[in-house]
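Encoded as structure tokens, the structure appears first; notes follow it.
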Amino acid sequence: MKIDQQLAEAISDAFKAKFETELVSTEIQLQPTRKEFEGSHTFVCFPYARISKKSPEETAKSVGEYLKENSDLVSDYNVVKGFLNIVLTDKSWIGVFKGIWSDDNFGFQPKNGKEVMVEYSSPNTNKPLHLGHLRNNFLGWSVAEILKADGYEVHKVQIINDRGIHICKSMVAWKLFGNGATPESSGKKGDKLVGDYYVKFDQEYKKEIKELVDNGTSQEEAEKEAPIFKKAQELLLKWESKNPEVYDLWETMNGWVYEGFSTTYAQMGVDFDKLYYESNTYLLGKDQALEGVAKGFFFQKEDGSVWVDLKEDGLDEKLLLRADGTSVYMTQDIGTAILRFKDYPKITRQIYTVGNEQEYHFKVLFLILQKLGYNWAKECYHLSYGMVDLPSGKMKSREGTVVDADDLMQEMIKTAEEHTAELGKVDDFTTEQAAELYKTLGLGALKYFLLKVDPRKRMLFDPQESIQFHGNTAPFIQYTHARICAILRKAKQLDLVADDATFESVNELHGAEQSVIYLLSQYPGKVKEAADNYSPDTIAQYVYDLAKEYNRFYQEISIFNEDDENILRYRVAFSSVVADTIKKGMGLLGINVPDRM
RNA sequence: GGCCUCUUAGUUCAAUGGAUAGAAUAGGAGUUUCCUAAACUCUAGAUCUAGGUUCGAUUCCUAGAGAGGCCA
């Protein structure tokens with residue numbers, strides 16, 4: 001049984017003995033003791049003063065006294081106002097550690113038989129991936145890993161926005177100005193190449209609008225009449241009627257983009273179990289809309305358009321089918337959601353990793369699905385994350401302030417390389433080993449930076465200053481891991497292996513060891529918390545605290561200077577468990593940890 | 001105009017309604033015969049404003065100020 005539960009039960013016993021009242025032990029909350037006080041667990045007595053009919057301080061004293069006398073876990077206690085700080089015996093800490101050390105699945109919940117789907121990335125095929133996608137992808141991927149650790153079976157998907165006017169724009173510009181350029185002929189990544197023509201379209205479009213306006217056309221009119229825009233619209237119509245030539249070009253250009261994306265995803269270290277394409281799903285959802293009308297959930301206006309009235313739910317009316325019968329995003333999303341539940345009948349929930357500007361959209365989507373009678377819609381969740389701002393403000397493609405994902409990752413790896421070279425600790429590495437290390441460090445720093453923040457909040461990314469290798473960063477944590485690995489290598493040479501008997505003769509712990517064991521014991525709870533809240537930042541913060549606390553121990557205790565071989569073996573095992581936990585925790589964030597750096 | 005979110009050290013981030021609001025970074029002062037100094041120790045520095053709820057509010061409620069977003 002976990003130490004927290006044991007303590008809670010002891011406290012419950014104390015209440016029974018001292019105040020003749022039963023407390024439900026699972027409802028007793030223990031919080032970590034603040035550093036300036038002695039102890040590890042704190043029981044806040046204010047809320048229980050009513051039950052004990054004593055002041056919070058007296059309550060705390062009674063309970064503390066009972067625990068000290070009757071529980072062999074507790075060595076001492078102190079009371080500050082209504083706070084009962086509980087000091088555990090070193091022996092019980094060693095017991096806690098032994099439990100963790102012998103648990104091969106520490107931090108992983110057994111399979112709970114539930115399946116969920118996590119959607120993330122979901123890019124357009126006309127633009128390369130940028131900084132915002134990095135936050136999105138790292139977040140979605142990490143949440144999927146955390147849910148797996150929490151016992152779920154997880155399906156990772158994305159929907160690719162591969163059709164519509166935007167891709168037609170790229171196609172038009174490529175036809176007009178491309179001279180048959182391909183990724184091979186231009187030496188460009190496919191997504192970048194197509195993105196360039198999307199930009200080119202916009203430039204030409206603006207130029208044409210300006211000409212028209214200069215010749216007396218109104219701005220509004222000019223935007224509709226610009227020849228290049230009309231060409232894009234024609235292309236869209238041809239695409240929809242599956243004109244072979246247009247369809248071919250569309251497939252070719254999207255093929256280039258996918259190849260580019262897959263390179264980027266590989267570098268990012270994210271993957272998907274299934275891809276959905278909007279070109280396959282954009283016609284879905286119409287049936288549901290019409291069915292909704294038939295059942296009276298939706299209504300039709302005189303022009304034939306279909307709407308849903310959400311005023312009773314505090315929202316507005318929402319269009320589902322236009323008068324001409326074409327669908328809108330909402331309609332498609334309804335269709336796609338239903339399709340996914342058909343594809344994966346056992347999933348109980350879909351988690352959509354999408355920016356917070358779409359909060360309203362998802363609120364409406366889930367509501368409509370509920371109205372259509374899909375009960376699973378109640379369980380669906382919009383994992384809504386904030387924008388990544390630059391010091392100059394919002395990223396804007398038109399102003400060229402977009403931070404490209406490939407460039408940024410490359411930049412990070414380069415910085416890691418320079419920094420590593422300066423320190424000169426791994427000069428004996430082969431080129432491959434070195435390249436691997438730079439990637440681990442550079443990408444780790446980037447992922448950690450983006451994941452350590454509460455996903456719901458907008459965050460600032462300063463390319464100059466944001467990425468550091470000191471302090472609350474991935475390299476700091478990775479460094480702690482690498483240091484421990486050095487210890488483990490040496491211990492292996494000396495054949496220092498711990499077994500059950502090792503712990504019998506260890507009776508005393510150093511202060512830092514205690515806090516590290518306390519942190520270790522919190523790990524499974526942190527994973528649970530992170531899973532419940534879809535918050536990788538919980539894990540990031542935790543692993544940082546663990547690494548920091550271990551470093552304190554490392555600084556104060558010289559492991560191999562210990563004469564008592566059992567203590568030495570124990571400390572090697574202790575370090576090894578810390579390394580493992582760091583590795584597991586960072587793994588949940590998609591960050592690797594090196595053995596040397 | 002309606003609705004939603006955010007506001008904490010110079011800066012970037014923390015804090016299930018709990019103690020003297022934590023970290024990091026930038027600033028100041030130290031630590032290397034010893035397992036990796038990408039480390040460690042010390043120091044200084046903050047809850048947007050005004051009310052309310054209670055044993056206790058960064059957290060909950062109301063109003064206001066500022067920033068961002070969504071819907072027309």
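So that the names make sense, note that chain A is the first sequence line, chain B the second, and so on, each numbered from 1.
Evaluation of A/Phe46 against the base of B/G18 yields a stacking contact (centre distance < 5.5 Å, interplanar angle < 30°).
Checking the phosphate oxygens (OP1, OP2) of B/A19, a side-chain nitrogen or oxygen of A/Arg34 falls inside 4.0 Å. Contact annotation: A/Lys363 does not reach the phosphate of B/C71 (side-chain N/O to OP1 or OP2, under 4.0 Å). OP1 or OP2 of B/A24 has not a single side-chain nitrogen or oxygen of A/His470 nearer than 4.0 Å. Applying the 4.0 Å criterion to OP1 and OP2 of B/G69, one finds that A/Asn356 has every side-chain N and O outside that range. Contact annotation: A/Lys35 does not reach the phosphate of B/U20 (side-chain N/O to OP1 or OP2, under 4.0 Å). Side-chain nitrogen and oxygen atoms of A/Lys452 include none within less than 4.0 Å of the OP1 or OP2 phosphate oxygen of B/U12.
Checked against side chain to side chain contact (heavy atoms under 4.5 Å, CB included), A/Pro32 has the following partners two or more places apart in sequence or in another chain: A/Tyr518.
Proximity note for A/Leu460 (side chain, C-beta onward) versus B/U12, B/C35, B/C70: the nearest is B/U12.
Using N1 to N3 plus N6-O4 or O6-N4 for Watson-Crick, or N1-O2 and O6-N3 for G-U wobble, each under 3.5 Å, B/C34 pairs with nothing. B/A29 is paired with B/U41 under the Watson-Crick or G-U wobble criterion, all donor-acceptor distances under 3.5 Å.
The gap from the P atom of B/G18 to that of B/A65 amounts to 30 Å, rounded to the nearest Å.
When ring centroids are compared, A/Phe83 and A/Phe37 stay outside the 6.0 Å threshold.
For the pair A/Arg552 CZ and B/A23 P, the computed distance is 11 Å after rounding to whole Å.
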